[in-house]
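Values below: every heavy atom of this structure, side chains too, minus hydrogens, waters and symmetry copies. Proteins get letters first, then strands, A, B, ... in listed order; numbering begins at 1 in each.
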4 protein chains.
Amino acid sequence: MWFHVDPSDGLPIYMQIINQIKRATANGLLKAGDQLPSVREMAVQLTVNPNTISKAYQELERDGIIKTSRGIGTFVAEKEIKIVYEERTKEMMAAIDRLLVEAHHLGFSRDEVFKLLEDRIKDWKVSDK
Amino acid sequence: MWFHVDPSDGLPIYMQIINQIKRATANGLLKAGDQLPSVREMAVQLTVNPNTISKAYQELERDGIIKTSRGIGTFVAEKEIKIVYEERTKEMMAAIDRLLVEAHHLGFSRDEVFKLLEDRIKDWKVSDK
Amino acid sequence: MWFHVDPSDGLPIYMQIINQIKRATANGLLKAGDQLPSVREMAVQLTVNPNTISKAYQELERDGIIKTSRGIGTFVAEKEIKIVYEERTKEMMAAIDRLLVEAHHLGFSRDEVFKLLEDRIKDWKVSDK
Amino acid sequence: MWFHVDPSDGLPIYMQIINQIKRATANGLLKAGDQLPSVREMAVQLTVNPNTISKAYQELERDGIIKTSRGIGTFVAEKEIKIVYEERTKEMMAAIDRLLVEAHHLGFSRDEVFKLLEDRIKDWKVSDK
DNA sequence: GTGGTCTAGACCACA
DNA sequence: GTGGTCTAGACCACG
């Protein structure tokens, strides 16, 4: 499988794994019912401590993203993640505020941020498939 | 002053303080030359250990956000954009990309992000002087 | 390892440690990828509080000299010169000027400084590989 | 008088004053027997706490640079500062080492440092009077 | 009064 | 085992 991990990334390794799996399920790269590698298998592949994989899986299961059956394996769950609208918007606004603060400290005006984002979104759209 | 801290937030306390001060300098609540509460003062206000405040202040100083003088106090620094243009833009684009990725995870389309940012910038502008 | 510390030196302990590590990476005693003693280990060696070592390591990390991974350890970072040419040269010239001023205070002529540096560089070169 | 002080310099204010006076006596700008401003006078002039001036003067007197007579004033002392040769050389070598370490972290080779210093010294000589 | 350093000791996050 | 955060409390340097 196509997982990878960067130990020198600030993000804890178990988090990197969680993010990749979340993203894959969001993308459709992983569909409900798909089997995930076993903890040991993945640990070998990423040359990472099995505890680390285990922790990632546990957290994913807690969030209802995956489902593990003892002795059988680990699978992508049916359930879909739903965050309430207000929650989502709140987080999104927080993220936007973080961006604006960062922009300020980098010396960009709000209009420049707006312009840059506009351009960036256009680029992304073009490269969309 | 209007600082507050949530010990049960995942974010370390000193980080919460850093973020609040960065934000305040970014939106003009704190202006260059303004004096910040003394380490001890802020420590009692937030019922937090003085060392924790100190750590936040030191980190802010090395980022050039504030300036401290022993025996005098701590002050908001003159803003000075030192990084070269390419560097700045590169960092800004990276920040924008992080935002777009986060937006995607939260299930927002790019147009929605664009719209939200537009609104937010308008709000901030009002508080500009 | 060969670290040592003098608590009665005017310089803060964490600074002494920083200087030693910077020096060691500068003259090749520590190379990129080398593992540093763990915080606790070094703390007992130097009979110093672990927090003090931790502070030194954290400061070194933000200067890009070392790289630490939680749960793994602390390592010498790959050297990476990021600053632009003009910036670098400006800083270097400032450092040279500081040296010349200090030399003047100590009563050395410029030619003597030149001579001493020449000798010193030769010595260092020998320890190059 | 031509003293000045920069509170935002890393160096403590009292140190800045000491350095200026030391330099002036080394230069000949201040000669043995010259009277220095009173503590109060200097404090007003530099808009600095009198304690700070006082501390500088005390330290200078301890080093034999100046001599104060109660009720009369403060004067440059006759005695000349002498550091033993080995001491001076030791300090000078330490300063050179600091320069070389800094150079390394700025990405300069030893030969480049040598070259830069050579140029700098030549410049200084030309601008000497 | 200000900020800076250090200790002792606790608890957490990560691998 | 690793490093990171926080507290309580001491002492120092500076103005």
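Side-chain contact between D/Thr74 and D/Leu60: absent, with no pair of heavy atoms (C-beta onward) separated by less than 4.5 Å. Between A/Ile17 and A/Phe3 there is no side-chain heavy-atom pair separated by less than 4.5 Å.
Spacing between atom CD1 of A/Ile13 and atom P of F/dG3 amounts to 15 Å, rounded to whole angstrom units. Rounded to a whole Å, the CE atom of B/Met15 is 7 Å from the P atom of F/dT5. A/Ile17 places its CD1 atom 11 Å from the C1' atom of E/dA15, with the value rounded to the nearest Å. Following rounding to the nearest Å, B/Asp9 (CG) and F/dT5 (P) show an atom-to-atom distance of 14 Å. One atom, CD1 of B/Ile53, and another, P of F/dA8, lie 13 Å apart when rounded to the nearest Å. One can place NZ of B/Lys55 at 13 Å from C1' of F/dT7, the figure rounded to the nearest angstrom.
A salt bridge between D/Glu102 and C/Arg98 is present, with a side-chain N of the basic residue lying under 4.0 Å from a carboxylate O of the acidic one.
Residue pairs that meet the salt bridge (charged side-chain N to carboxylate O under 4.0 Å, His left out) test with at least one member in residues 16-26 of chain C, sequence neighbours left out, are C/Lys22-C/Asp63.
Under the side-chain contact (heavy atoms from CB on, under 4.5 Å) criterion, A/Asn51 pairs with A/Asn49, not counting sequence neighbours.
No engagement by A/Asn51 is indicated, since no non-hydrogen atom pair under 4.0 Å with the nucleic acid exists.
A donor-acceptor contact under 3.5 Å is not formed by the side chain of B/Arg40 with the base of E/dG1.
Summary of the strand contacts: D/Pro12 and B/Pro12 both lie near DNA chain F, and taking for each the nucleotide with the nearest heavy atom, the more 5' one is attributed to B/Pro12. Between C/Ser54 and B/Pro50, the residue whose closest nucleotide on DNA chain F is further toward the 5' end is C/Ser54.
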Problem set entry | Strand DNA chain E as a dot-bracket string - pairs counted if Watson-Crick or G-U with both distances under 3.5 Å, | where the partner lies in another strand | ||||||||||||||.
